[in-house]
Trainee: 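I'd like to ask you about the structure that follows.
Positions are given from 1 along the sequence. Values below: every heavy atom of this structure, side chains too, minus hydrogens, waters and symmetry copies.
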Amino acid sequence: MNAKPRSLFIVAGEESGDALGGALVQALKAQHGTLTFNGVGGRAMAAAGVDSLFPIDALSIIVIIDSPDFTHRVARRVRRLAPQIPILDYVSPTVWAWRPGRARAMRAYVDQVLAILPFEPKLYVELGGPPCHYVGHPLIERVAELRPSTEEAQRRRADPPVVLVLPGSRGSEIRYLLAIFADAIEQVAARAGNMELVLPTMPHLLPQLREAVADWSMKPRLVVDPAEKWAAFRRARAALAASGTVTLELALSGVPAVTAYRLSALEAFIARLIGLGRLQSVILANLVLGENVVPEFLQSDCTPEKLAGALLPLLLDTVERQRQVAAIGRLDAIMTVGGVAPSARAAASVLEVSQCGR
């Protein structure tokens, strides 16, 4: 008798999850051509062949991707209605940053976590969460875009230095950080001379940023095209960046950085309440490396003077620059860059659970 066709249901609630889902579906198709895909996602998942919703009793397995406030509600409901369906969570919630009790609670409705950060599986064991294993960060599949050619490496060493200004991807981050970044850049320029500033951003933030940088004495070039952004990363000598995934992008690009973040008084109070203060660092590159090599300045420490003082040595051949370059050079080995693609690893895990069931 022929085996029942396998149908996978994939849920992603944000653009980043949709991109991961699209790559996962492509990898699943490459490894197992007879699967069908349904779910909730965006353009990337639709382009990969994910169809719209259909009755839950036809499902063989469900994969939820990122956006835990949304996708975990879906998972809990699926577990109540159809407890026989295996549920995989692709991209762990940040249980290492806040609400660690979520890991243990996930055991009730998640059968396996596919982690994109190498330190997460050990943490799930410590927190009593569901089985978790590292499949690789999606940036690994784009690492060629991040590495400079010979010509670009020469530009990285040449003057005036290319310096990336990365104040965040949210309007609130820009409001809190950009003026501080501007003052820090002014102070560095007064001591180091001319710089070529590049500020990558999103199209919807362009009007806000154009207005904000209009009175800068050394104006940054605003770029929205992803190809221009990665070209700037490959040429940059250093960066001043808001905390976030961009710090890992910079590290994998070999760009030393100074990082910063400021919250409102209420947000800072909530952050302390939920336990963010217990982390050794909030910078992803530092957490992956297991040491604080990328300087970070948070809240009251986020001042133009401190940022300028940390950024200036990164423009020169100093001990500070050499130490950071050497440390971020270890990321390839830690994150298994150059091995099996993360989407292919994730696909293999999905297929294994699909074939074995709960």
Side-chain angles (χ1 to χ4, degrees), residues 15-16 19 116 136-170 173-174 177-178 181 184-185 188 192 194-203 205-206 209 213 218-261 283-286 288-289 293-296 307 310-311 313-316 320-322 324-332 334-335 337-338 342:
E15 186 176 349
S16 58
I116 65 171
H137 198 282
L139 281 174
I140 293 172
E141 297 191 40
R142 294 167 39 212
V143 76
E145 295 179 77
L146 306 176
R147 300 293 163 82
S149 65
T150 301
E151 181 182 348
E152 289 166 333
Q154 290 173 346
R155 177 62 189 94
R156 182 173 281 183
R157 296 188 293 269
D159 290 323
V162 176
V163 176
L164 299 171
V165 182
L166 300 152
S169 58
R170 299 184 180 92
E173 292 172 330
I174 293 168
L177 290 175
L178 194 59
F181 281 15
I185 291 291
V188 171
N194 190 34
M195 294 175 284
E196 181 183 336
L197 304 179
V198 182
L199 198 164
T201 189
M202 306 293 288
L205 294 171
L206 204 51
L209 285 165
V213 305
M218 188 182 296
K219 289 183 175 54
R221 178 165 59 93
L222 304 180
V223 299
V224 296
D225 179 63
E228 287 189 72
K229 171 187 172 179
W230 299 129
F233 272 55
R234 294 191 298 269
R235 293 171 171 85
R237 190 181 299 177
L240 181 56
S243 170
T245 303
V246 72
T247 64
L248 201 53
E249 294 173 345
L250 289 165
L252 285 169
S253 301
V255 180
V258 173
T259 59
Y261 211 77
I283 305 304
L284 278 179
N286 288 342
V288 172
L289 287 165
V293 295
V294 179
E296 56 188 309
L307 296 181
L311 181 60
L314 300 184
L315 300 178
L316 308 169
E320 291 89 344
R321 179 181 177 83
Q322 292 169 5
Q324 194 172 152
V325 168
I328 61 182
R330 300 200 306 272
L331 282 173
D332 280 14
I334 295 171
M335 299 181 72
V337 171

Trainee: Nearest heavy-atom pair of Ala153 and Pro148: which atoms, and what distance?
Mentor: N-CB, 3.8 Å
Trainee: Would Leu252 and Arg147 count as a side chain to side chain contact (heavy atoms under 4.5 Å, CB included) here? Give the steps.
Mentor: CA-CA 8 Å; Leu252 285 169; Arg147 300 293 163 82; 4.0 Å; yes
Trainee: What is the distance from atom CG of Leu146 to atom CG of Leu139, rounded to the nearest 0.5 Å?
Mentor: 6.5 Å
Trainee: Say you draw a straight line from CG of Leu289 to CG of Leu248; how long is it, rounded to the nearest 0.5 Å?
Mentor: 8.5 Å
Trainee: Is there a donor-acceptor contact under 3.5 Å linking the side chains of Glu173 and Tyr261?
Mentor: yes
Trainee: Donor-acceptor check, side chain of Arg142 to backbone of Pro138, threshold 3.5 angstrom: yes or no?
Mentor: no
Trainee: Which residues satisfy the side-chain contact (heavy atoms from CB on, under 4.5 Å) test with Pro256, sequence neighbours excluded?
Mentor: Leu314, Arg321, Gln324, Val325
Trainee: Show your reasoning for whether side chain to side chain contact (heavy atoms under 4.5 Å, CB included) applies to Leu205 and Ile174.
Mentor: CA-CA 9 Å; Leu205 294 171; Ile174 293 168; 3.8 Å; yes
Trainee: Please round to the nearest 0.5 Å and tell me the distance separating atom CG of Leu178 and atom CD1 of Ile185.
Mentor: 10.0 Å
Trainee: Taking all heavy atoms of Leu166 and all of Pro200, pick out the closest pair and write down the distance.
Mentor: CD2-CD, 3.6 Å
Trainee: What closest approach, in Å, do Leu206 and Thr201 show between heavy atoms, and which atom pair accounts for it?
Mentor: CD1-CG2, 4.0 Å
Trainee: Exactly one of Lys219, Arg155, Arg235 should register a salt bridge (Lys or Arg N to Asp or Glu O under 4.0 Å) with Glu196. Which one does?
Mentor: Arg155
Trainee: List the atom pairs, donor and acceptor, that lie under 3.5 Å between side-chain atoms in residues 237-246 and the rest of the protein, sequence neighbours left out.
Mentor:
from	atom 1	to	atom 2	distance (Å)
Arg237	NE	Arg156	O	3.1
Arg237	NH1	Asp159	OD1	3.4
Arg237	NH1	Leu315	O	2.9
Arg237	NH2	Arg157	O	2.9
Arg237	NH2	Ala158	O	2.6
Arg237	NH2	Asp159	OD1	3.0
Ser243	OG	Val282	O	3.4

Trainee: For a 4.5 angstrom cut-off between non-hydrogen side-chain atoms, does Glu141 reach Pro342?
Mentor: yes
Trainee: For the atom pair CG (Leu250) and CG (Leu284), what is the distance rounded to the nearest 0.5 Å?
Mentor: 11.5 Å
Trainee: Over all heavy atoms of both residues, which pair between Ala251 and Leu331 is shortest? Give the atoms and the distance, please.
Mentor: CB-CD1, 3.3 Å
Trainee: Does Glu228 have any salt bridge (charged side-chain N to carboxylate O under 4.0 Å, His left out) partners at least two apart in sequence or in another chain, and if so, which?
Mentor: Arg221
Trainee: As an exercise, state the distance from CZ of Arg170 to CE of Met202, rounded to the nearest 0.5 Å.
Mentor: 11.5 Å
Trainee: Run through Leu164, Leu222, Val163, Val162 and flag the one making a side-chain contact (heavy atoms from CB on, under 4.5 Å) with Leu197.
Mentor: Val163
Trainee: A side-chain contact here means heavy atoms from C-beta on lying under 4.5 Å apart; do Phe181 and Val213 qualify?
Mentor: no
Trainee: Considering non-hydrogen atoms only, spot the tightest contact between Val255 and Ala236 and give its length.
Mentor: CG2-O, 4.0 Å
Trainee: Hey, what do you get for CE (Met335) to CD1 (Ile140), rounding to the nearest 0.5 Å?
Mentor: 4.5 Å
